[in-house]
J.: 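Provided herewith is a single structure, encoded as structure tokens, for subsequent inquiry.
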Amino acid sequence: QVQLVESGGGLVQPGGSLRLSCAASGFTLDYYAIGWFRQAPGKEREGVSCISSSDGRTYYADSVKGRFTISRDNAKKTVYLQMNSLKPGDTAVYYCAATPHYCSGVGGMDYWGKGALVTVSS
């Protein structure tokens with residue numbers, strides 16, 4: 001069974017940092033693109049970042065460029081999202097999702113985790 005599990009969420013102060021992890025099981029991570037998405041209350045789910053398989057090409061939403069970094073460790077079957085200089089606007093439930101080979105948007109991902117809450121507040 002395919003499973004994605006997020007971890008590392010929590011409460012952090014503005015300007016702080018947090019690293020999210022997405023642990024995969026039930027499939028070979030090497031051949032999958034993994035994306036991070038987020039959804040704040042009352043808003044639609046949006047793409048945050050994504051990393052393709054093989055070539056490791058990365059994508060970032062304009063709102064997080066320069067602050068967030070996505071990476072993958074296929075041996076550990078884990079993808080990370082390092083979040084720096086966090087803002088209150090980053091508060092949301094963060095989801096990781098997978099699809100074969102190439103990054104896609106919300107509607108193009110095949111497998112989803114259950115989400116991890118990130119709250120940026122003083």
Side-chain angles (χ1 to χ4, degrees):
Q1 298 85 34
V2 174
Q3 188 174 28
L4 297 170
V5 180
E6 302 93 340
S7 62
L11 175 65
V12 64
Q13 295 184 345
S17 298
L18 209 60
R19 188 176 78 160
L20 299 179
S21 297
C22 175
S25 62
F27 64 98
T28 302
L29 186 63
D30 306 56
Y31 298 101
Y32 283 78
I34 304 295
W36 286 97
F37 301 80
R38 67 186 183 187
Q39 187 167 21
K43 298 182 180 179
E44 291 195 354
R45 191 170 300 184
E46 63 176 351
V48 175
S49 184
C50 188
I51 184 165
S52 297
S53 65
S54 299
D55 63 3
R57 181 173 295 179
T58 59
Y59 303 87
Y60 297 94
D62 289 341
S63 60
V64 307
K65 285 181 179 178
R67 300 189 297 121
F68 291 10
T69 302
I70 190 170
S71 62
R72 66 191 296 151
D73 187 334
N74 291 336
K76 295 182 179 180
K77 303 192 73 172
T78 303
V79 175
Y80 306 95
L81 183 68
Q82 179 66 47
M83 305 183 292
N84 298 326
S85 301
L86 284 162
K87 305 173 181 179
D90 295 318
T91 296
V93 175
Y94 284 71
Y95 302 87
C96 65
T99 194
H101 300 295
Y102 307 111
C103 292
S104 187
V106 172
M109 308 304 286
D110 298 303
Y111 308 108
W112 292 83
K114 293 182 178 180
L117 178 63
V118 173
T119 302
V120 184
S121 176
S122 298

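None of the values given here were measured: they were computed from a predicted structure. Numbers here simply count residues along the sequence, with the first being 1.
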J.: Between Asn74 (side chain) and Lys77 (backbone), is there a donor-acceptor pair under 3.5 Å?
T.: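 Checking the backbone N and O of Lys77 against the side chain of Asn74, no donor-acceptor pair under 3.5 Å is found.
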J.: Indicate yes or no: at least one non-hydrogen side-chain atom of Leu18 is less than 4.5 angstrom from one of Val118.
T.: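 Counting from C-beta outward, Leu18 and Val118 do come under 4.5 Å.
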J.: Work out which heavy atom in Arg72 is nearest to a heavy atom in Ile34; give both atom names and the distance.
T.: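 Scanning both residues, the minimum pair turns out to be NH1-N, 4.3 Å.
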J.: Show your working on side chain to side chain contact (heavy atoms under 4.5 Å, CB included) between Tyr94 and Met83 and close with a plain yes or no.
T.: CA-CA 12 Å; Tyr94 284 71; Met83 305 183 292; 3.9 Å; yes
J.: Going only through I, L, V, M, F, W and Y residues with side-chain contacts under 4.5 Å, is there a path from Leu29 to Ile70?
T.: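 Linked, Leu29 and Ile70 end up in one cluster.
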J.: Should Pro14 and Pro88 count as side-chain neighbours, where that means a heavy-atom distance under 4.5 Å?
T.: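 Answer yes - side chains close enough.
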J.: Show your working on side chain to side chain contact (heavy atoms under 4.5 Å, CB included) between Tyr95 and Leu20 and close with a plain yes or no.
T.: CA-CA 10 Å; Tyr95 302 87; Leu20 299 179; over 6 Å; no
J.: Can you check whether Ser63's main-chain N or O pairs, donor with acceptor, with Arg67's side chain at less than 3.5 Å?
T.: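 Yes, the answer is positive, given that a donor and an acceptor are paired below the 3.5 Å cut-off.
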J.: Considering only heavy atoms from C-beta outward, does the side chain of Leu11 approach that of Ser121 to under 4.5 Å?
T.: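 Side-chain contact under 4.5 Å: yes.
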J.: How long is the span from the OG1 atom in Thr58 to the CD1 atom in Ile51, to the nearest 0.5 Å?
T.: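 These two atoms lie 6.5 Å from each other.
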J.: Should Val79 and Leu4 be regarded as members of a common hydrophobic cluster, given that ILVMFWY residues are connected when their side-chain heavy atoms come within less than 4.5 Å of each other, either directly or indirectly?
T.: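 Same cluster.
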J.: A cation-pi test, strictly: NZ or CZ of Arg45 under 6.0 Å from the centre of the six-membered ring of Phe37 and no more than 45 degrees from its axis. Yes or no?
T.: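 No, a cation-pi geometry is absent between Arg45 and Phe37.
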J.: Taking the side chain from Thr91 and the backbone from Val120, do they hold a donor-acceptor pair closer than 3.5 Å?
T.: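 Side chain of Thr91 to backbone of Val120: a pair is present.
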J.: Which is it for Asp90 and Phe68 under the side chain to side chain contact (heavy atoms under 4.5 Å, CB included) test, yes or no, and what are the steps along the way?
T.: CA-CA 11 Å; Asp90 295 318; Phe68 291 10; 4.0 Å; yes
J.: Check the hydrophobic clustering (I, L, V, M, F, W, Y; side-chain heavy atoms under 4.5 Å; chains of links allowed) and say if Val93 and Trp112 are grouped together.
T.: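 Linked within one cluster.
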J.: In this structure, would Val12 and Leu81 fall into the same cluster of hydrophobic residues linked by side-chain contacts under 4.5 Å?
T.: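 Shared cluster, yes.
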J.: Quick one: closest heavy-atom pair of Thr78 and Ala23, and the distance?
T.: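 That closest heavy-atom pairing would be OG1-CA, 4.2 Å.
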J.: Which heavy atom of Ala33 sits nearest a heavy atom of Cys50, and at what distance?
T.: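 Closest heavy-atom pair between Ala33 and Cys50: CB-SG, 4.4 Å.
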J.: Assess whether a salt bridge exists between Lys65 and Asp62, defined as any Lys/Arg side-chain N lying under 4.0 Å from an Asp/Glu carboxylate O.
T.: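 Answer for the salt bridge query: yes.
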J.: Is the ring centre of Phe27 less than 6.0 Å from the ring centre of Tyr32?
T.: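 Ring-ring flag for Phe27/Tyr32: true, centres closer than 6.0 Å.
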J.: Do Ser71 and Tyr80 touch side chain to side chain, with heavy atoms closer than 4.5 Å?
T.: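 A side-chain contact exists here, since the closest heavy-atom pair is under 4.5 Å.
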J.: Do Cys22 and Val5 make a side-chain contact, defined as non-hydrogen atoms from C-beta onward lying under 4.5 Å apart?
T.: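 With C-beta onward as the side chain, the pair stays apart.
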J.: So does Gln82 get a backbone contact from the side chain of Arg19, meaning a donor-acceptor N/O pair under 3.5 Å?
T.: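 No: the side chain of Arg19 does not pair with the backbone of Gln82.
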J.: Given Arg38, which of Glu46, Glu6, Glu44 fulfils the salt bridge (charged side-chain N to carboxylate O under 4.0 Å, His left out) condition?
T.: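 Going through the options one by one, the only one that passes is Glu46.
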J.: Within a strict 4.5 Å, meaning less than it, do heavy atoms of the Asp55 and Tyr102 side chains meet?
T.: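 They are not in side-chain contact.
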J.: Can you get from Tyr31 to Met109 by hopping between Ile, Leu, Val, Met, Phe, Trp and Tyr side chains that sit under 4.5 Å apart?
T.: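 No, it is not one cluster - the side chains of Tyr31 and Met109 are not joined through contacts under 4.5 Å.
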J.: Under 3.5 Å, is there a donor-acceptor pair linking the side chains of Asn84 and Ser17?
T.: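 Side chains of Asn84 and Ser17: pair found under 3.5 Å.
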J.: Does any part of the side chain of Tyr60, heavy atoms only, come nearer than 4.5 Å to the side chain of Val48, both counted from C-beta?
T.: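 Counting from C-beta outward, Val48 and Tyr60 never come under 4.5 Å.
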